[in-house]
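Labels below follow one simple rule: chain letters A, B, ... track the order of the sequence lines, proteins then strands, and each chain is numbered from 1. What you see below is based on every heavy atom in this structure, not just the backbone, and it leaves out hydrogens, waters and symmetry mates. Quick caveat: nothing in here was measured; it's all calculated off a predicted structure.
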Number of protein chains: 2
Amino acid sequence: MECGLHFTKEVLNGKWKAGLLKAISIDIKRPSDMLRAIPDITKRVMNVQLRELEQHGIVTKKIYHQLPLKVEYSLTELGASLLPIINAMNQWGENNRAYLQTVIAKDAPVLPELDEKRRKVC
Amino acid sequence: MECGLHFTKEVLNGKWKAGLLKAISIDIKRPSDMLRAIPDITKRVMNVQLRELEQHGIVTKKIYHQLPLKVEYSLTELGASLLPIINAMNQWGENNRAYLQTVIAKDAPVLPELDEKRRKVC
DNA sequence: TGCCTGGGGGATAAAATTATCACCTGCTGA
DNA sequence: TCAGCAGGTGATAATTTTATCCCCCAGGCA
């Protein structure tokens, strides 16, 4: 048997998943909008991670067979139940960013700072 | 700038880190005890991950220059502040394990189920 | 036609993470 | 003296994750 942590890590395991979920949660649900909100992600990788989230039952994909073609991702109930955790992680990071920046080397993803539908997310 | 999520993921990023922190939090703080508590981890990897946690200011290492040699890891205040998140992740996983097991393939780490100091952790 | 937007994928390379293995220091007990 | 426990590391493999590239479809527009 594995402990609960295992499943959660498995689900959130992916460089951009938490960010994608956060994006969807603040109503950025179309692929092209996500690409704009998360500058460093690439289309390919985003699709792969979204597909995994979908297979894990965290998000659902809805295709509108209209023109122009439109696709929207939404959080499932299960996915929504992850938000408190994601928000707590985000909060913890913010609370300690000043310190963490000094001990963590690398450069990384981008940040929020609301705006319109064009704000960056993570 | 990066969003808070980034830092938190960076800190928890490592196959065994959350499990190690959980172990320390339930008073399994000696390396050899951790190895017994987390069956699948190897000494080498455990040391590497503990060192990263230490460099990130999440745990502290105390060496007792006594005989037999004794080493103990403890959570720093910062590390302790991560526990609510780790516990929430653990809880979420437990709450949804029945379902998650059906959508996640791989096999993984081990689980808790208290005992003495020999209980397995994660 | 040529080019842009919106959505998506296969093949493959590059990078990062984990795991293996062998070997080292000290002390204790048989 | 050999074995075992406690703690630990360098070098190297194996695996997993991410990223790159290039191509596909359809429709609008100029």
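Here R51(B) does not reach the OP1 or OP2 of dG8(D): none of its side-chain N or O atoms lies under 4.0 Å away. Under 4.0 angstrom from either OP1 or OP2 of dA6(D) there lies at least one side-chain N or O belonging to R36(B).
Rounded to whole angstrom, the span from the CG atom of N47(A) across to the P atom of dC24(D) amounts to 18 Å. The nearest whole Å value for the distance from the CD1 atom in I38(A) to the C1' atom in dA19(D) is 16 Å. Here the P atom of nucleotide dG8(C) and the NZ atom of K70(A) are 14 Å apart, to the nearest Å. Rounded to an integer number of Å, the gap from M34(B) CE to dG8(D) C1' is 14 Å. In this structure, K61(B) places its NZ atom 12 Å from C1' of dA6(D), rounding to the nearest Å. For L50(B) and dG7(D), the CG to C1' distance is 12 Å, given to the nearest whole Å. Atom P of nucleotide dT16(D) and atom NZ of K9(A) are separated by 15 Å, given to the nearest angstrom. When rounded to the nearest whole Å, the span between OH of Y64(B) and C1' of dA6(D) equals 15 Å.
Within the nucleic acid shown, K17(B) has no heavy atom closer than 4.0 Å to any nucleic acid atom.
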Kindly indicate, with the supporting measurements, whether the criterion side chain to side chain contact (heavy atoms under 4.5 Å, CB included) is fulfilled by Y73(B) and L21(B). CA-CA 10 Å; Y73(B) 286 89; L21(B) 294 180; over 6 Å; no
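By the side-chain contact (heavy atoms from CB on, under 4.5 Å) test, Y64(B) is found to be paired with K62(B), Q66(B), K70(B), E72(B), residues two or more places apart in sequence or in another chain being considered. Legend: residues meeting side chain to side chain donor-acceptor pair (under 3.5 Å) with Q49(A), ordered by chain and number and at least two apart, are absent. Listed by chain and number, the residues in a salt bridge (charged side-chain N to carboxylate O under 4.0 Å, His left out) with E54(B) amount to none (sequence neighbours excluded). Residues passing the salt bridge (charged side-chain N to carboxylate O under 4.0 Å, His left out) test with K61(B), sequence neighbours excluded: none. Residues passing the side-chain contact (heavy atoms from CB on, under 4.5 Å) test with L35(A) are I41(A), K43(A), M46(A), sequence neighbours excluded.
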Letter per nucleotide, 5' to 3', of nucleotides 18-30 of chain C [B base touched, S only sugar-phosphate touched, - untouched; heavy atoms, 4.0 Å]: SBB------S---
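Side-chain N or O atoms of K17(B) include one that pairs as donor or acceptor with a backbone N or O of N13(B) at under 3.5 Å.
Counting only heavy atoms from C-beta on, L69(B) has its side chain closest to dG7(D) among dG8(C), dG8(D), dG7(D).
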